[in-house]
Structure formats: structure tokens, C-alpha cells
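Just so you know, these numbers come straight off a predicted model, no measurement behind them.
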Amino acid sequence: MDRLTIEYCGEYVPKDMCSIDRLGGADDCDLCYEYCKATEEGNEDCRECAISKCFNKLGEYEDLEEQGKLLKLPCAVGDTAWIVFEGEIFKCMVSKFDIVINGIFPMLRINETLKTISVSMKTLEKTWFLTKEEAEAALKELERGKGE
């Protein structure tokens with residue numbers, strides 16, 4: 001993803017508005033003065049400005065993404081998931097995520113038996129699904145494959 005922010009004097013500022021990036025090393029930056037309501041009130045300190053806070057948070061996320069430390073999970077703890085196993089569909093709840101050397105493994109709790117199982121993220125949309133409709137379609141495909 002292309003960065004939307006650039007760091008300037010310990011703050012993240014909009015990359016498109018900052019002359020540092022556009023001019024290749026200029027030592028000034030417009031920050032968000034043109035758009036910020038704080039300047040109308042005589043305060044040119046962007047640290048408490050809502051716009052500045054948004055850019056700083058975005059900049060932190062962009063840094064994490066560049067460092068490979070930002071995870072985007074397909075679901076959250078508490079979400080419902082569906083497992084296709086031995087010709088049946090089981091409703092589950094995502095109870096936690098385990099991060100191990102081999103990857104990230106959601107732990108799914110099967111409601112009927114309260115048994116918890118670990119599944120691989122690689123098997124998403126192969127053996128476990130985020131909607132019942134996807135699980136039903138996969139089960140039909142498996143049954144069709146066995147019938148041939």
C-alpha cells in the first residue's frame with residue numbers, strides 16, 4: 001500500500017500536502033494548517049488537533065504494515081464460523097487466535113459439544129467458513145465429488 005503520511009518533526013503529516021516529500025528534502029511542511037479549525041482559534045499547535053491525531057494514528061499503522069507487524073484477520077473473537085466435517089456442518093464460535101511458528105490458528109469452539117479445535121488460516125474456505133451458505137455450498141461440492 002502506498003503511504004498516505006510522512007513523518008516530520010516527530011509528527012505524521014499528509015504526504016500529499018507536505019513539501020518535504022514533493023520537493024525532495026525541503027525543510028518545511030505545511031502540516032494541516034490550511035484545513036485545521038485550531039488555527040482559526042489562534043492555536044497553531046497541531047498536537048491537539050483531531051486531524052493531526054488521525055494522521056498520527058494512520059502513520060503508526062503504516063509503519064507497522066511496512067515492518068510486517070500488522071495483521072488483518074478474516075474474523076474476530078466471538079464471530080460465528082462453520083466447519084464442514086465428515087459430511088456435516090457444525091456451527092462454531094471463534095474463541096481465540098493462537099500465533100505459532102507455522103502461522104495463525106483460530107481456535108473454534110463447537111457449540112454442540114463445547115469441544116475446541118484449532119484450524120489453519122490456510123483452510124479458510126476449504127474446511128471452515130465464515131457463513132453458513134459458504135459451508136453448505138462446500139458440502140454440496142464434496143457430495144457431488146463423491147458421487148462421480
Side-chain angles (χ1 to χ4, degrees), residues 1-18 20-22 29-41 43-148:
M1 174 176 100
D2 290 336
R3 284 194 73 107
L4 300 175
T5 62
I6 187 169
E7 188 174 353
Y8 174 73
C9 296
E11 296 284 315
Y12 289 94
V13 295
K15 185 176 178 181
D16 288 343
M17 293 170 55
C18 185
I20 294 171
D21 192 59
R22 290 193 314 262
C29 188
D30 299 332
L31 298 173
C32 55
Y33 289 159
E34 293 177 35
Y35 305 96
C36 184
K37 300 284 184 201
T39 57
E40 293 173 8
E41 299 163 7
N43 178 13
E44 293 192 9
D45 183 10
C46 277
R47 294 186 199 290
E48 294 303 316
C49 171
I51 295 171
S52 178
K53 288 178 183 180
C54 291
F55 279 113
N56 281 319
K57 180 64 86 175
L58 175 61
E60 291 170 15
Y61 285 137
E62 288 175 331
D63 287 349
L64 291 171
E65 183 178 48
E66 287 176 352
Q67 297 165 18
K69 295 179 179 178
L70 187 65
L71 296 176
K72 188 173 185 178
L73 300 173
C75 55
V77 170
D79 284 356
T80 299
W82 305 87
I83 292 183
V84 174
F85 181 72
E86 294 183 356
E88 291 188 57
I89 297 173
F90 295 92
K91 183 178 180 180
C92 304
M93 181 188 76
V94 179
S95 58
K96 69 176 183 173
F97 286 92
D98 283 340
I99 300 174
V100 295
I101 292 172
N102 298 348
I104 301 169
F105 292 86
M107 300 296 286
L108 303 179
R109 182 175 300 276
I110 301 173
N111 294 346
E112 289 83 10
T113 63
L114 296 179
K115 180 179 179 182
T116 302
I117 61 170
S118 177
V119 295
S120 169
M121 293 291 282
K122 293 177 186 175
T123 62
L124 178 61
E125 297 181 355
K126 294 179 185 169
T127 60
W128 70 283
F129 305 86
L130 298 175
T131 68
K132 187 174 184 178
E133 294 76 21
E134 292 171 325
E136 289 169 343
L139 183 58
K140 283 181 185 175
E141 278 297 313
L142 285 172
E143 290 171 350
R144 205 174 305 149
K146 287 180 184 178
E148 294 176 0

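Residues Val84 and Ile89 are in side-chain contact: their nearest non-hydrogen atoms beyond the backbone lie under 4.5 Å apart.
For the atom pair CD (Glu88) and CD1 (Ile83), the distance works out to 12.0 Å, reported to the nearest 0.5 Å. Note that CH2 of Trp128 and CD of Glu134 are 10.5 Å apart. Values are rounded to the nearest 0.5 Å.
Taking 4.0 Å as the cut-off between side-chain N and carboxylate O, Glu141 and Arg144 count as a salt-bridged pair.
When all heavy atoms of Ala135 and Trp82 are compared, the closest pair comes out as CB-CB, 3.7 Å. Across all non-hydrogen atoms, the minimal contact from Val94 to Ala81 is CG2-CB, 4.4 Å. Considering every non-hydrogen atom in both Phe90 and Phe85, the closest pair reads CE1-O, 3.8 Å. Residues Cys75 and Phe97 come closest through the heavy atom pair O-CZ, 3.5 Å.
Counting heavy-atom neighbours within 6.0 Å of Tyr61 OH, excluding the residue itself, gives a total of 12 or less.
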